[in-house]
Amino acid sequence: MSTSQRFGSAAVEQAEAVLVEQYPRLVRLAYLTLPDTLGRHPRVLLAHRAVQRALPRPGTPAAPAPAEAGTDEPDRHLTLVRSRVLRAALAPSGTGGGTWARIGRRPVPPFVWGLRLWPPAGGIDEAARTLSGAPAPVRAAFVLHHLDDLTQDETVRLLGRAGAADPAGAVREALALPVAEELLQALRRPEFDASVVSARPTDLLRRRRRARACWAALATLALTLTVLSASGPSPSPDPDMRPAAGPAASGALDPARLRRVPSDAWSDTARVDFTAWPARGGRTRDRDLLARALGTWAAPGTTRITAAPGTTAEPPPRPPQLLYAGDVDGRAVVLLRDGDRVVRYAETGSGGRSLDVTRTDEAGVTTAAALTLSRAPDGASARYLLAPWIAAAATRDLTRAGDTAQTLAFAADGVTAPAAVPPAAAPAAGAPCTTWPVIELTSSTRIVEKHSFVLTDLGALSPVHLTHTPLPDGPAAAPARQPREATGPEARAAWAPLACRLGELRSGAYRAVNVWDFAAAQLPDGAGRAVWSCTRASGWAGPGDVTVRLRPEAGTPQDVTRARSTAACGRFGQHLLAGFRWRSPAGRWYLLAAGSRQVTGIAVTGAVRAGSAGRTLAAPWTGPDGAVSLTGTLAGGGTVTALDGAGGGRD
């Protein structure tokens, strides 16, 4: 006789009530725990499936007792449902011991006909990017502890019930993640519902063609079966004669099926990005050129391929969008867009071919404003293809704040005249960096009025957008200042001494770089006024790399600290504290520190013991070298620690 516990009807009804009440929280838990290698569409569907299948059926065996002594009934059933959601969400990553982990297959999401679903911008999607790369149990522990307010012990027990291999280790790693408080507050707000999704149709024309092809295939199959049944048994099929699969089978490599956008679509849409680019250039109808470009993408062979970090050169699963096809400086160039990727195919008359792939996640008016078409053999200049909404273009030298812009001509199809680009290599030892060319673009008044912005070429297919956030204005209670275009006198003055440092970013896949001037102070020993700034290079994938610098009125800016893959100095990392050991012109050593707008005091312990009642601090460093610990007090309560290589952050 079995003595195992089983779910009764009353228990299932109570579990259902808890599931319905906590549905958004459970979806959030499943979405952020599921593998970040999944796309947003399947991840959304799998999250909802994990929650909806968490409800046990009457009569099924119960899990080990989820209730602790003194735990009330609703919490007991919430723990039960959470553990079942976690087990389903952990299984695809191989950490929960579920069916998918055992058979080694990728989970198949529920089928949704004709729609692509994803979470709205910000909120849960921003959290998913922040947690990208962390193991699934760590992401689950982050949600349970930081968002669902479980204690560390409760989180460890729940992860253990869900089958995580090292629950305690997952909790420790989750607590060590550098996550901004603003992101947590955004995820906790009542108006934020993790189960809300955005929906857009799939390719309507392709669906129509597939439907016709499906009916034709069914008719052919019926006819074939009729003939076979009349003619008797057939010989065994040849194993090499199998149906085609992949891009070729889906028509992705057919030039006739390339997606083409009307020339005026950009002026009548709320989505001003690469999806609004029309097909331009003198060879958009050259079937042979387009076929070579698509064929090289699918089977590159010995073709030179350059892919931005975090981007694959895999062939497109569906017909891509044609952006450009034409001749540029003796080369045939084709630009194609597939989802969040843009590919540039180029060939020379002698048969040389190249393929360059870049990321374009959530590109917009500025980050989808230009693509690099070709570079001169000496690397000193380049031609760009400008977005259809660009009305004027000019060039500037970013190192010379007072210089006027020089007009950059471009043809009716958006191809610019050759424009100088920054040097590809760092200056020789001892040689100064004397120039940093950038392009300044102005949007058409048909989409926005008086909007100009600056892009710089860092060697990638997509130029990088430059912005500037000026010094705080007013008390800590005043709203935070937002990044502004790097076109005004103040922004150009801030960028001039930092321009040549952009060369350090050539190896990354960055979409934008912002210089945030977060504090200013008089330096000791009459060294003049200096500005504290944080330069944030934001990647297409979400996280960014930051460098804090001290910028004196005269002389070279000094690096204070760096951090990689962090939210610091961005939208969800607005509290900042940094400090370093500085030598004055008089030869004396000081500890200098500064905090962002809401820092109201700074305390120092360790090799230096000092304090300040403001956003900046300058304390004599009279003792020996040693470690110091900086803590800032925030106006709204709480503290912030100094940014370091691990990211720093708010406590």
* To do: Would you mind telling me which of Val640, Val548, Thr633, Thr641 makes a side-chain contact (heavy atoms from CB on, under 4.5 Å) with Leu577?
  => Val640
* Residues Asp361 and Arg511 bridged, charged N to O under 4.0 Å -> no
* To do: Report yes if some heavy atom in the side chain of Gln22 is under 4.5 Å from a heavy atom in the side chain of Val81; otherwise report no.
  => no
* To do: Indicate, with yes or no, if the rings of His575 and Phe518 have centres closer together than 6.0 Å.
  => no
* Which residues share a side chain to side chain donor-acceptor pair (under 3.5 Å) with Thr456, sequence neighbours left out -> Trp436
* **Side-chain ion pair, Glu440 and Arg396, N-O less than 4.0 Å** => yes
* Asked: In terms of side-chain geometry, is the basic nitrogen of Asp517 or Arg551 positioned less than 4.0 Å from the acidic oxygen of its partner?
  -> yes
* To do: Anything under 30° is parallel, anything over 60° is perpendicular, the rest tilted; go ahead and classify His48 against Tyr23.
  => tilted
* Asked: Any side-chain heavy atom of Leu634 within less than 4.5 Å of one from Thr600?
  -> no
* Asked: Is it true that the NZ or CZ of Arg581 lies under 6.0 Å from the centre of Tyr590's six-membered ring and within 45 degrees of the ring axis?
  -> no
* To do: Report yes if some heavy atom in the side chain of Leu441 is under 4.5 Å from a heavy atom in the side chain of Leu455; otherwise report no.
  => yes
* **Pro167 and Pro137, any side-chain heavy atoms less than 4.5 Å apart** => no
* May I ask you to decide if Gly459's main-chain N or O and Asp457's side chain share a donor-acceptor pair within less than 3.5 Å? => yes
* **Student check: side-chain heavy atoms of Thr312 and Arg341 closer than 4.5 Å** => yes
* Gln152 vs Leu175 side-chain heavy atoms within contact, under 4.5 Å -> yes
* **Side-chain donor or acceptor of Asp525 paired with backbone N/O of Ala527 under 3.5 Å** => no
* Asked: Should Arg28 and Asp148 count as an ion pair when the cut-off is N to O under 4.0 Å?
  -> yes
